[in-house]
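We use all heavy atoms of the structure for the numbers below, so side chains are in, but hydrogens, waters and symmetry mates are not. Residue numbers run from 1 in the order of the sequence given.
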Amino acid sequence: MLQLILGCAVNCEQKQEYIQAIMMMEESVQHVVMTAIQELMSKESPVSAGNDAYVDLDRQLKKTTEELNEALSAKEEIAQRCHELDMQ
């Protein structure tokens, strides 16, 4: 159920708001959310060859997940850099 809700959240028109909300969560929670999204993407989707709406949703989900992964990586790099600067 959680995976379906996450799939909807990262594919709707307000996906940026949901992604930002995910980015504000604790890092451990972010990883759990990302894992759930990735599991959803890795499962065989019920996309039939003639159904363009499902194909588009699948493509959007993959793109949004990639964007979220990039944002998480950037956040981790920035946090590491902040830590390094604090140590100096």
Side-chain angles (χ1 to χ4, degrees):
M1 180 86 154
L2 171 64
Q3 288 176 325
L4 293 175
I5 293 169
L6 287 170
C8 291
V10 297
N11 281 305
C12 72
E13 291 179 10
Q14 297 93 6
K15 68 181 176 184
Q16 293 294 23
E17 294 174 31
Y18 291 114
I19 290 172
Q20 275 195 295
I22 292 169
M23 296 299 294
M24 299 307 241
M25 296 176 181
E26 284 185 31
E27 200 167 319
S28 60
V29 176
Q30 290 177 22
H31 288 290
V32 171
V33 170
M34 276 305 305
T35 302
I37 293 171
Q38 288 171 339
E39 284 177 12
L40 176 65
M41 286 183 53
S42 68
K43 290 180 182 176
E44 271 193 53
S45 59
V47 176
S48 60
N51 198 333
D52 290 339
Y54 284 118
V55 172
D56 287 341
L57 281 175
D58 189 52
R59 191 176 310 125
Q60 286 177 352
L61 178 60
K62 289 178 181 176
K63 181 180 178 218
T64 303
T65 303
E66 288 172 10
E67 291 172 356
L68 186 54
N69 277 330
E70 290 170 6
L72 284 170
S73 293
K75 180 182 177 186
E76 288 175 13
E77 289 174 17
I78 291 169
Q80 178 63 32
R81 182 67 181 140
C82 286
H83 178 71
E84 290 171 2
L85 291 171
D86 284 345
M87 296 304 288
Q88 289 180 358

Give, for atom [atom1] of [X] and atom [atom2] of [Y], the distance between the pair rounded to the nearest 0.5 Å.
X: His31; Y: Met25; atom1: NE2; atom2: CE; value: 13.0 Å
X: Ile22; Y: Lys15; atom1: CD1; atom2: NZ; value: 12.0 Å
X: Met34; Y: Leu6; atom1: CE; atom2: CG; value: 10.0 Å
X: Thr65; Y: Gln60; atom1: OG1; atom2: CD; value: 11.0 Å

Check the pair Gln38, Asn69 against side-chain contact (heavy atoms from CB on, under 4.5 Å), reporting the backbone distance first and the verdict last.
-> CA-CA 10 Å; Gln38 288 171 339; Asn69 277 330; 3.2 Å; yes
List the steps and the verdict of side chain to side chain donor-acceptor pair (under 3.5 Å) for Gln88 and Glu84.
-> CA-CA 6 Å; Gln88 289 180 358; Glu84 290 171 2; over 6 Å; no
Any salt bridge (charged side-chain N to carboxylate O under 4.0 Å, His left out) involving residues 65-77? Give me the pairs, sequence neighbours left out, ordered by first then second residue.
-> Lys63-Glu67
Over all heavy atoms of both residues, which pair between Tyr18 and Cys12 is shortest? Give the atoms and the distance, please.
->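 What the structure gives for the nearest pair is CE1-SG, 3.4 Å.
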Contacts of type side-chain contact (heavy atoms from CB on, under 4.5 Å), residue Glu17, not counting sequence neighbours | Gln14
Out of curiosity, does Met23 fall in the hydrophobic cluster containing Val32 (side-chain heavy atoms, cut-off under 4.5 Å, transitive links)?
-> no
